[in-house]
Amino acid sequence: MATFTINFMKAFAPAIEAGTKTSTIRKERADGRRPKAGDTLKLYTGLRTSGTRLLLATPATAVHGVQIDCEERSIVVDGQLLGVAEKVALAKQDGFTCLEDLYGYFQEAHQGQLEGWMVEWEKPAQGACDGTRHQDRVG
């Protein structure tokens, strides 16, 4: 299995650590690579800075193709057009407080259109951060 390193804005770190953000949507990479279920995800904030911090190391549980069109207010996952309730659930799973926040983010970050993938992971066990036990992390 492969390991995928994914960087997050600081604003998403608390939701990842709390387990309220259990997915991320990314645009398609130039090389076409994307994680597969079972691959190890290493979720960081502040990569390539002195403030780099590992938020969570966890296996990917699912990967889906995603298209977002902010103007049309549409989200397609694995070829299926989502209904309003499904879009709201996806927005919350991805760490947004509401669907409009998701559309606002993708409008600004991706000019309103994205073709890519969504990777999901399990909510971390309480107190888990990077997959090591507490006594292994301290002193």
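Computed from heavy atoms alone, side chains included, the values below leave out hydrogens, waters and symmetry copies. By convention here, the first residue in the shown sequence is residue 1.
At least one donor-acceptor pair under 3.5 Å links the side chain of Asp39 to the backbone N or O of Lys36.
Between Asn7 and Gly46, the shortest heavy-atom contact is OD1-N, 3.3 Å. Closest of all the heavy-atom pairs between Thr22 and Glu122 is CG2-C, 4.4 Å. Residues Asp94 and Ser23 approach most closely at OD1-O, 2.7 Å, considering heavy atoms. Taking every heavy atom of both residues into account, Ser74 and Lys87 meet most closely at CA-NZ, 4.5 Å. For Gln107 against Cys70, the heavy-atom pair with the smallest separation is OE1-CB, 3.4 Å. Leu41 and Pro35 get closest at one heavy-atom pair: CD2-CB, 4.2 Å.
Checked against the 6.0 Å centroid criterion, the rings of Tyr105 and Phe96 qualify as a close aromatic pair.
Within 6.0 Å of the CZ atom in Arg48, the count of heavy atoms belonging to other residues, nucleotides or ligands does not exceed 12.
Val84 is not connected to Val76 by any chain of hydrophobic side-chain contacts under 4.5 Å among Ile, Leu, Val, Met, Phe, Trp and Tyr, and they are in different clusters.
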Trace of the side chain to side chain contact (heavy atoms under 4.5 Å, CB included) decision for Arg33 with Phe4: CA-CA 10 Å; Arg33 281 189 55 211; Phe4 276 79; 3.1 Å; yes
Would you please test Thr5 and Tyr44 for side chain to side chain contact (heavy atoms under 4.5 Å, CB included) and show each step? CA-CA 7 Å; Thr5 299; Tyr44 287 90; 3.7 Å; yes
Assess the residue pair Thr45 and Met9 against the criterion (side chain to side chain contact (heavy atoms under 4.5 Å, CB included)); give the C-alpha distance rounded to whole Å, side-chain angles, the decisive distance to 0.1 Å, and a yes or no. CA-CA 6 Å; Thr45 190; Met9 297 183 310; 5.9 Å; no
Side chain to side chain contact (heavy atoms under 4.5 Å, CB included), that's the test. Do Leu90 and Leu99 meet it? Break it down for me. CA-CA 8 Å; Leu90 182 141; Leu99 183 56; over 6 Å; no
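Using bins of under 30°, 30° to 60° and over 60° for the plane-to-plane angle, the ring pair Phe106/His110 lands in the parallel bin.
Summarising the geometry, atom OG1 belonging to Thr24 is positioned 3.5 Å from atom CZ belonging to Arg26; distances are rounded to the nearest 0.5 Å. With rounding to the nearest 0.5 Å, the separation of CG in Leu43 from NZ in Lys21 is 9.0 Å. Rounding to the nearest 0.5 Å places NZ of Lys10 at 11.5 Å from CG of Leu55.
The shortest distance between side-chain heavy atoms of Arg34 and Glu28 falls below 4.5 Å. Residues Ile75 and Tyr103 have side chains in contact (heavy-atom distance under 4.5 Å, counting atoms from C-beta outward). Counting heavy atoms from C-beta on, the side chains of Leu47 and Phe8 never come closer than 4.5 Å. Side-chain atoms of Trp117 and Ile25, non-hydrogen and from C-beta on, never get closer than 4.5 Å to each other. Proximity of Val63 to Met118: side-chain heavy atoms (C-beta onward) are nowhere separated by under 4.5 Å.
Partners of Asp101 under the side chain to side chain donor-acceptor pair (under 3.5 Å) rule, at least two apart in sequence or in another chain, are Thr97.
The side chain to side chain donor-acceptor pair (under 3.5 Å) analysis of residues 58-73, with sequence neighbours excluded, yields the pairs His64-Asp78, His64-Glu120, Asp69-Gln113, Arg73-Glu100.
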